[in-house]
Novice: 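One structure coming up, written as structure tokens, with questions to follow.
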Amino acid sequence: MSSFLHVLHIDDEPAILDTVKLVVANESKGQIIVDQAINLAEARQALINRAYDIMLIDLGLDDSKGIETIEALKVYGIPMVVFSGINETEMLIAVANVGVEDYIVKPAVTSANLVNRLRFAHTRYMRRIEGEKQWELMGSTMARRKTAFDNVALEALKPFISCPRTVSACGATFAGV
């Protein structure tokens, strides 16, 4: 797994966008590149034009608020980390329930912590996806094994099924006796 990440940071405050870009570039020693979008519409355009490893999302955009923002962006299948000034348990629970990887409160984060949490969120997401693929593969393998077992069992029972000395459909008479 590469240590290089390409992040789309979505926030309606240019000063925060610029600060995060600078801090992440310095703290990650160039291993994390941050692109910026100032609203949901711009974020959607960026997501169409480029592949990203992770999104860092503010919940209070000019054209989208709260869970609506997460719902609109989760269709892209990219892990999301909320980066918000909202420090309420209800919001944390709500965004966790729609599938974000992490929730970072803006005033409480340090530059090292931000970089580490972005990396950790991406790694956790990738491992979960890999685990899901493994389960899917295991499931299909188990289904193939069951089908093969069923076919072997059926073949083993065929002599008894076609035997003339089987019980008739009504169970009262014997064929071939």
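Position 1 is the first residue of the sequence; numbering continues from there.
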Novice: So, for Thr69 and Lys65, which heavy atoms are closest and what is the spacing to 0.1 Å?
Specialist: OG1-N, 3.5 Å

Novice: CG/Leu61 to CD/Glu13 distance, rounded to the nearest 0.5 angstrom?
Specialist: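 So the CG of Leu61 and the CD of Glu13 are separated by 10.0 Å.
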
Novice: Mind checking the CZ-CG spacing from Arg119 to Asn116? Nearest 0.5 Å is all I need.
Specialist: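 Reported to 0.5 Å precision, the distance equals 6.5 Å.
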
Novice: Any chain of hydrophobic side-chain contacts (each under 4.5 Å) joining Tyr76 to Leu5?
Specialist: no

Novice: Rounded to the nearest 0.5 Å, how far does CD1 of Ile10 lie from CD1 of Ile38?
Specialist: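 Rounded to the nearest 0.5 Å, the CD1-CD1 separation comes out at 12.0 Å.
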
Novice: On a heavy-atom basis, which atom in Ala43 and which in Leu8 lie closest, and how many Å separate them?
Specialist: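 That would be O-CD2, 3.9 Å.
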
Novice: With a 4.5 Å cut-off on side-chain heavy atoms, are Tyr125 and Ile78 touching?
Specialist: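 A side-chain contact is absent here, since even the closest heavy-atom pair is not under 4.5 Å.
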
Novice: Could you check whether any side-chain heavy atom of Leu73 comes within less than 4.5 Å of a side-chain heavy atom of Ile57, counting everything from C-beta outward?
Specialist: yes

Novice: For the atom pair CD1 (Ile32) and NE2 (His9), what is the distance rounded to the nearest 0.5 Å?
Specialist: 13.0 Å

Novice: Taking the side chain as every heavy atom from C-beta outward, state whether Met126 and His122 have any pair of such atoms under 4.5 Å apart.
Specialist: yes

Novice: Mind checking whether Val82 and Val109 sit in one hydrophobic cluster, side chains of I, L, V, M, F, W, Y counted as touching below 4.5 Å?
Specialist: no

Novice: Which heavy atom in Asp53 sits nearest to a heavy atom in Pro79, and how many Å separate them?
Specialist: O-CG, 3.1 Å

Novice: Mark yes or no for whether Asp63, through its side chain, and Leu40, through its backbone, hold a donor-acceptor pair below 3.5 Å.
Specialist: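 The answer is yes, because a donor-acceptor pair under 3.5 Å joins these two groups.
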
Novice: With a 4.5 Å heavy-atom cut-off, do Leu114 and Phe83 have their side chains touching?
Specialist: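 With C-beta onward as the side chain, the pair touches.
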
Novice: Calculate, to the nearest 0.5 Å, the distance between atoms CG and CG belonging to Asp35 and Leu56 respectively.
Specialist: 12.5 Å

Novice: Kindly work out whether a path of hydrophobic side-chain contacts (I/L/V/M/F/W/Y, heavy atoms less than 4.5 Å apart) joins Val24 to Val81.
Specialist: yes

Novice: Provide the closest heavy-atom pair for Gly30 versus Ile33 in the form atom of the first, atom of the second, distance.
Specialist: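 Gly30 and Ile33 have their closest heavy atoms at O-CD1, 4.0 Å.
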
Novice: Just to verify, what does Ala94 make a side chain to side chain contact (heavy atoms under 4.5 Å, CB included) with, not counting sequence neighbours?
Specialist: Ile67

Novice: So which heavy atom on Ala112 is nearest to which on Glu27, and how close?
Specialist: CB-OE2, 3.5 Å

Novice: Looking at side-chain heavy atoms only, is the closest gap between Leu47 and Met55 below 4.5 Å?
Specialist: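 Of all side-chain heavy-atom pairs linking Met55 with Leu47, at least one is under 4.5 Å.
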
Novice: In residues 95-103, what donor-acceptor pairs under 3.5 Å come from side-chain atoms, sequence neighbours left out?
Specialist:
| unit_1 | atom_1 | unit_2 | atom_2 | d |
| --- | --- | --- | --- | --- |
| Asn97 | ND2 | Ile93 | O | 3.2 |
| Glu101 | OE1 | Arg124 | NE | 3.3 |
| Glu101 | OE1 | Arg128 | NH1 | 3.3 |
| Glu101 | OE2 | Arg128 | NH1 | 3.2 |
| Glu101 | OE2 | Arg128 | NH2 | 2.4 |
| Asp102 | OD1 | Arg117 | NH2 | 2.9 |
| Asp102 | OD2 | Arg117 | NE | 2.9 |
| Asp102 | OD2 | Arg117 | NH2 | 3.4 |
| Tyr103 | OH | Ile86 | O | 2.6 |

Novice: Closer than 3.5 angstrom, by distance alone: can the side chain of Asn49 be matched with the main-chain N or O of Gln45 as a donor-acceptor pair?
Specialist: yes

Novice: Any side-chain heavy atom of Val115 sitting closer than 4.5 Å to one from Val23?
Specialist: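 With C-beta onward as the side chain, the pair stays apart.
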
Novice: Give me the atom names and distance for the closest heavy-atom approach of Pro107 to Gly85.
Specialist: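 Shortest heavy-atom separation between Pro107 and Gly85 comes out as CD-CA, 4.5 Å.
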
Novice: Should Leu59 and Val105 be counted in the same cluster of Ile, Leu, Val, Met, Phe, Trp and Tyr side chains packed under 4.5 Å apart?
Specialist: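 Per the 4.5 Å side-chain linkage, Leu59 and Val105 are co-clustered.
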
Novice: Compare all side-chain heavy atoms of Leu17 with those of Val34 and state whether any distance is below 4.5 angstrom.
Specialist: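 When only atoms from C-beta onward are counted, Val34 and Leu17 do not touch, as no gap falls below 4.5 Å.
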
Novice: Is there a donor-acceptor pair closer than 3.5 Å between any side-chain N or O of Lys29 and the backbone N or O of Ala25?
Specialist: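 Side chain of Lys29 to backbone of Ala25, a donor-acceptor pair under 3.5 Å: no, none is there.
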
Novice: Do Lys74 and Met80 touch side chain to side chain, with heavy atoms closer than 4.5 Å?
Specialist: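 They are in contact (side-chain heavy atoms under 4.5 Å apart), so the answer is yes.
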
Novice: Does the distance from a Lys or Arg side-chain N to an Asp or Glu carboxylate O, for Lys106 and Asp11, drop under 4.0 Å?
Specialist: yes

